[in-house]
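What follows is one structure encoded as structure tokens, with my remarks underneath.
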Amino acid sequence: MPFSSLASPLDVELRPDKPALLRVDPPDDAPRWAAEHREALRAHVTEHGALVVRGLGLRDTGQAGAVLARLAGELMPELEAFAPREAHGPGLYASTPWPANQPMCMHHELSYRLEVPGLMLFACLTAPGQGGATAVADAEEVLQALPGGLTERFERDGWILTRTYNDEIGASLTESFGTADRAGIERYCRANAIDFTWQPDGSLRTEQRRSAVVRHPVTGRRCWFNQIAFLNEWTLAPEVREYLVDVYGADGLPFNTRHGDGTPIGEDIVQLINSTYEAHARREPWQAGDLLLVDNIRTAHSREVFTGERQVLVGMGEPLRPADECPATEASER
């Protein structure tokens with residue numbers, strides 16, 4: 001039985017190469033409308049992986065935040081952020097700052113954490129002049145499309161994220177862990193299976209091993225769920241990578257990914273993953289006032305290059321701990 005058949009009927013349009021779209025008449029009270037239709041909307045997100053809601057007329061942070069909170073229950077605070085975000089309220093953030101002329105490739109939000117958001121919510125207050133779509137890709141289809149030998153290795157060994165925190169690039173310790181207190185950071189790392197090493201200069205280097213394939217909590221289907229390509233050095237623009245390696249060294253990059261056994265991931269693998277995502281991408285240009293709901297386990301999302309002003313707010317909800325196919329190792333201090 002389709003999940004949406006269990007909810008009140010909504011006339012959702014299904015279109016090739018685009019996410020599902022629901023057009024609504026502008027409600028007098030958008031947050032109340034969202035609360036009344038929450039179960040139906042969530043059912044469609046589970047069934048289709050992502051849903052664009054057009055017609056709510058979201059125009060300011062207060063209204064958008066209220067709509068997102070009605071849909072998510074309680075918005076999650078972002079921990080382990082890789083880049084700082086501007087906060088507009090509890091759990092309500094501006095989209096990740098990223099150069100407008102560089103794409104942000106497909107990824108599953110915070111998939112390197114033990115507890116991840118099950119639902120991503122995006123509200124467009126100002127649409128870009130050109131480009132800037134938040135494209136989506138089905139993680140089940142991506143898993144099936146990738147070479148079996150590659151996915152079997154990642155499913156068996158998982159993947160490793162390494163991070164080096166400094167004061168010049170990426171999220172600070174406070175922005176990532178919610179505190180600059182060394183003891184508090186160490187407690188967080190131990191509780192979340194993150195190996196950590198304090199460098200002689202006082203900077204922090206961390207390493208965490210996570211599953212690359214997980215089962216969807218509702219459907220039970222296997223999904224390619226990670227940020228192996230997104231946070232890998234080979235996804236960076238060549239000039240950016242060369243600069244970072246020159247300044248921080250190959251082992252001191254702000255973030256990088258490896259195979260679960262610790263061996264490097266080649267540029268060819270990163271390109272293959274990103275090209276497979278692109279082959280399965282679905283996109284709908286933003287219109288001001290749009291709402292986009294994304295099942296974070298089943299569906300990856302990206303951000304395309306754009307011109308003009310682009311204001312998209314982001315919320316995360318329905319925290320869950322995916323069933324590990326590759327359990328994380330215990331954290332240690334080195």
Side-chain angles (χ1 to χ4, degrees), residues 2-4 14 17-20 41-51 72 76 80 104-122 134-161 193 208-232 235 257 259-260 265 269-270 272-283 292-303 314 316-328:
F3 297 103
S4 60
L14 302 180
D17 302 323
K18 292 180 178 291
L41 293 169
R42 191 62 184 89
H44 279 293
V45 174
T46 299
E47 183 173 1
H48 305 300
L51 176 67
M76 295 174 59
E80 298 183 48
M104 182 181 291
C105 73
M106 288 286 181
H107 61 284
H108 297 264
E109 199 73 20
L110 299 178
S111 54
Y112 46 83
R113 289 193 62 198
L114 290 185
E115 185 178 73
V116 306
L119 179 67
M120 296 296 300
L121 309 96
F122 302 87
T134 300
V136 295
D138 190 298
E140 296 178 38
E141 295 177 357
V142 170
L143 177 62
Q144 294 168 3
L146 287 168
L150 177 69
T151 59
E152 288 168 9
R153 179 178 182 181
F154 277 116
E155 191 162 10
R156 180 185 68 245
D157 297 336
W159 63 293
I160 291 174
L161 171 66
Q208 54 213 85
R209 181 168 171 256
R210 299 293 187 253
S211 297
V213 178
V214 303
R215 293 192 177 275
H216 193 279
V218 176
T219 68
R221 297 172 185 146
R222 294 163 61 248
C223 297
W224 179 253
F225 179 76
N226 54 73
Q227 284 170 249
I228 291 168
F230 178 57
L231 294 177
N232 187 273
T235 292
T257 62
H259 287 282
I265 297 173
I269 292 177
V270 173
L272 174 62
I273 293 172
N274 284 332
S275 63
T276 302
Y277 272 132
E278 179 56 31
H280 291 81
R282 294 171 288 146
R283 49 182 57 83
L292 171 63
L293 306 176
V294 176
D295 183 322
N296 191 42
I297 305 298
R298 171 164 173 196
T299 306
H301 67 276
S302 66
R303 193 227 67 194
V314 181
M316 296 166 273
E318 301 184 7
L320 58 90
R321 182 164 177 164
D324 283 340
E325 302 292 338
C326 171

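Treat the numbers as computed from the prediction; the structure is a model and nothing was measured.
Distance alone, capped at 3.5 Å, places no donor-acceptor pair between the T276 side chain and the V142 backbone. Q227 contributes a side-chain N or O that, together with a main-chain N or O of L110, makes up a donor-acceptor pair within less than 3.5 Å. A donor-acceptor pair under 3.5 Å links the side-chain atoms of Q208 to the main chain of Y112, judged by distance alone. Between the side chain of N226 and the main chain of A212, a donor-acceptor pair closer than 3.5 Å is present. A donor-acceptor pair is defined here as one N or O able to donate and one able to accept, closer than 3.5 Å; such a pair exists between the side chain of N232 and the backbone of T257. Judged by distance alone, with hydrogens and angles left aside, the side-chain atoms of R298 form a donor-acceptor pair with the main-chain N or O of E47 at under 3.5 Å. In this structure, T299 contributes its side chain and G49 its backbone to a donor-acceptor pair below 3.5 Å.
Side-chain contact check for R221 versus R215: every heavy-atom pair is 4.5 Å or farther apart. Contact annotation: the side chain of E140 approaches that of C223 to within less than 4.5 Å [non-hydrogen atoms, C-beta and beyond]. In this structure the side chain of L272 reaches within 4.5 angstrom of the side chain of P147, judged on heavy atoms. Contact annotation: the side chain of I269 approaches that of H259 to within less than 4.5 Å [non-hydrogen atoms, C-beta and beyond]. With contacts defined as side-chain heavy-atom distances shorter than 4.5 Å, the pair R42/L119 qualifies. Residues L14 and H48 form a side-chain contact, since some pair of their non-hydrogen atoms from C-beta on lies under 4.5 Å apart. Here the side chains of I297 and L320 are in contact, with some heavy-atom distance below 4.5 Å. Under the 4.5 Å side-chain criterion, counting only non-hydrogen atoms from C-beta, R210 is in contact with W159.
The aromatic rings of W224 and F154 lie perpendicular to each other, with more than 60° between the two planes, well past the 30° mark.
Every residue two or more places apart in sequence or in another chain was checked for a salt bridge (charged side-chain N to carboxylate O under 4.0 Å, His left out) with R282, and none qualifies. By the ring pair (Phe, Tyr, Trp, His ring centres under 6.0 Å) test, H108 is found to be paired with F225, residues two or more places apart in sequence or in another chain being considered.
Ion pairing between a basic and an acidic side chain is recognised when a charged N comes within 4.0 Å of a carboxylate O; E278 and R283 show such pairing.
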